[in-house]
Amino acid sequence: MTTRRAGAGATAGVLAVALAAAGCTTSAGPGGGVPTVTSAPPTSAAGDAHGWNRQRFKGAVGKHTGVTRTAKPTVLNGLVGAVFTRNADGDHFCTASVVDSAGLNLVVTAAHCVWDPKLGRRSDLVFVPGYRDGETPSGVWPLLSVTVDDAWKDHADPDMDVAFAVVQAQNGQQVQQVLGANRLGVNRGYRVPVRVTGYPGSSDVPITCSNTTSEQSPTQLRIDCPDYTGGTSGSPWVTDFDPATRTGTVVGVIGGYQEGGDNPDTSYSSYFGDRVQALYDRATG
């Protein structure tokens with residue numbers, strides 16, 4: 001299947017088959033479960049920065065529902081980065097973001113960004129958080145390992161178009177130590193207010209949009225936000241903004257149905273349920 005979500009650079013990258021061990025995943029479907037947070041949120045001494053609190057944040061989001069804008073260089077947006085092949089000099093073709101982990105070194109993206117079921121893992125990929133206009137303010141972080149579900153490896157199952165990747169430490173620090181991280185949320189239901197931030201392949205600045213998700217199917221979420229073109233695959237769907245840490249909880253990434261959608265104004269995500277929790281556990285185990 002051809003997707004409009006991954007940019008042209010995805011096909012230009014060098015491909016290599018990774019010798020990754022197959023792990024077990026659960027077959028449980030979504031819905032009805034108790035919300036799960038996999039680990040404790042990152043801490044910050046910043047507190048209620050710049051007078052923002054949860055109520056004010058929700059009010060600001062409500063005023064711009066379904067409107068896509070340039071994402072400002074905030075702490076929350078700084079957790080999101082463009083994915084390149086080899087370095088930041090070429091074209092970026094997908095999006096990823098830092099997710100909380102015990103190793104402090106994990107990002108989440110769409111599986112189709114990092115693993116081709118016919119050819120294996122895409123090699124020489126780097127994560128560039130906060131990328132803007134050719135600048136790499138938070139460094140360039142190579143992807144060391146990738147974890148995808150066997151159902152994606154075997155037949156590109158759109159219900160598991162999710163991947164976790166470990167990134168290489170830089171200057172003796174892990175990426176979460178430098179930037180913080182969003183938490184992982186599973187079994188959160190189908191109607192969730194989220195902010196989606198990502199990098200169109202045709203732009204050198206990220207875009208962002210807030211809206212409430214809906215059920216595309218029992219295993220897929222959808223959101224209506226305009227102009228999410230190629231390159232936005234892997235963009236995180238973030239809810240529950242915490243003004244103390246200036247982070248939130250990721251409940252989806254652009255991907256899944258039609259590898260994220262064939263219409264730039266509607267995007268999809270595999271539902272984050274028990275199988276995504278199991279995938280996270282494999283990636284961090």
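Note that the numbering runs from 1 along the sequence shown for the chain.
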Shortest non-hydrogen contact between Thr247 and Leu76, atoms and distance: CA-CD1, 3.8 Å

Val98 side chain reached by Leu106 side chain, heavy atoms, under 4.5 Å: no

Decide yes or no for Val253 and Phe272: does some side-chain heavy atom of the first lie under 4.5 Å from some side-chain heavy atom of the second? yes

Does the Thr212 side chain pair with the main chain of Arg191, one donor and one acceptor, at a distance under 3.5 Å? no

Set out, in order, the CA-CA distance, both residues' side-chain angles and the distance that settles side chain to side chain contact (heavy atoms under 4.5 Å, CB included) for Ile254 and Val196, then state yes or no. CA-CA 9 Å; Ile254 290 182; Val196 182; 4.0 Å; yes

Whether Trp115 side chain and Ala163 backbone form a donor-acceptor pair below 3.5 Å: no

Is it possible for you to say whether Val128 and Val167 belong to one hydrophobic cluster, with membership spreading through side-chain heavy-atom contacts below 4.5 Å? no

Could you check whether any side-chain heavy atom of Arg188 comes within less than 4.5 Å of a side-chain heavy atom of Asp240, counting everything from C-beta outward? yes

Ignoring hydrogens and geometry, is there a side-chain-to-backbone donor-acceptor pair from Thr219 to Tyr271 under 3.5 Å? no

Is there a path from Leu79 to Val107 through hydrophobic residues (I, L, V, M, F, W, Y) whose side chains come within less than 4.5 Å of each other? yes

How many angstroms lie between CD in Gln216 and OG in Ser270, if you round to the nearest 0.5 Å? 11.5 Å

Kindly say whether Pro226 contributes a backbone atom to a donor-acceptor pair with the side chain of Thr68 at under 3.5 angstrom? yes

To check you understand the geometry: which heavy-atom pair defines the closest contact between Asp100 and Arg183, and what is its length? CB-CA, 4.2 Å

Pair Leu125, Val114 - check side chain to side chain contact (heavy atoms under 4.5 Å, CB included), show working. CA-CA 8 Å; Leu125 301 185; Val114 295; 3.9 Å; yes

Is Val166 linked to Val108 within one hydrophobic cluster, defined over Ile, Leu, Val, Met, Phe, Trp and Tyr using a side-chain heavy-atom separation of less than 4.5 Å? yes

Can you say whether the rings of Tyr257 and Tyr268 are parallel (under 30°), tilted (30 to 60°) or perpendicular (over 60°)? perpendicular

Counting N and O atoms only, with roles assigned by atom type, does the side chain of Asp204 sit under 3.5 Å from a partner on the main chain of Asp133, one being a donor and the other an acceptor? no

Approximate separation, where rounding is to 0.5 Å, of Asn171 CG and Gln177 CD: 11.5 Å

Can Ser138 and Leu179 be said to form a side chain to side chain contact (heavy atoms under 4.5 Å, CB included), step by step? CA-CA 8 Å; Ser138 300; Leu179 298 176; 3.5 Å; yes

Quick one: does any side-chain atom of Gln176 pair with a main-chain N or O of Ser101 as donor and acceptor, under 3.5 Å? yes

Test your reading of the model: is there a side-chain donor-acceptor pair from Tyr199 to the backbone of Tyr131, 3.5 Å cut-off? yes

Could you check if a side-chain atom of Asp157 sits within less than 4.5 angstrom of a side-chain atom of Arg275, using non-hydrogen atoms only? yes

Any side-chain heavy atom of Cys113 within less than 4.5 Å of one from Val83? no

Whether the side chain of Thr239 engages the backbone of Pro193 through a donor-acceptor N/O pair (distance < 3.5 Å, no angle test) should be reported. yes

Minimal non-hydrogen separation, Ala111 against Val148, with atom names: CB-CG1, 4.0 Å

May I ask you to test the Val194-Val238 pair for a side-chain heavy-atom distance under 4.5 Å? no

Check: Arg222 and Thr266 side chains under 4.5 Å, non-hydrogen atoms: yes

Between Ser210 and Cys225, the two heavy atoms sitting closest are N-SG, 4.3 Å

Output for pair (Arg121 CZ, Lys153 NZ), nearest 0.5 Å, gives 11.0 Å

Which value, rounded to the nearest 0.5 Å, describes the distance between Arg122 atom CZ and Leu143 atom CG? 12.5 Å

Aromatic rings Phe164 and Tyr280: how do their planes relate, parallel, tilted or perpendicular, breaks at 30° and 60°? perpendicular

What distance separates Asp227 CG from Asp265 CG, expressed to the nearest 0.5 Å? 6.0 Å

I'd like to check Thr85 versus Phe93 (side-chain heavy atoms, cut-off strictly below 4.5 Å). Are they in contact? yes

Taking all non-hydrogen atoms of both residues into account, name the closest pair between Val146 and Ala165 and its distance. CG2-CB, 4.1 Å

Do Val80 and Val99 share a hydrophobic cluster (ILVMFWY, side-chain heavy atoms under 4.5 Å, transitive)? no

Candidate list Thr74, Asn77, Thr197, test side chain to side chain donor-acceptor pair (under 3.5 Å), partner Thr208, passing option: Thr197

Backbone of Pro158 reached by a side-chain donor or acceptor of Gln220 within 3.5 Å: yes

Cluster check Leu104, Phe127: I/L/V/M/F/W/Y, side chain < 4.5 angstrom: no

If I take atom CE from residue Met160 and atom CG from residue Asp150, how far apart are they, to the nearest 0.5 angstrom? 9.5 Å

Measure from the side-chain N and O atoms of Asn211 to the backbone N and O of Thr65, and report whether any donor-acceptor pair falls under 3.5 Å. no

Set out, in order, the CA-CA distance, both residues' side-chain angles and the distance that settles side chain to side chain contact (heavy atoms under 4.5 Å, CB included) for Thr109 and Ser233, then state yes or no. CA-CA 7 Å; Thr109 187; Ser233 285; over 6 Å; no

Heavy-atom closest pair, residues Pro236 and Thr95: CD-CG2, 4.4 Å

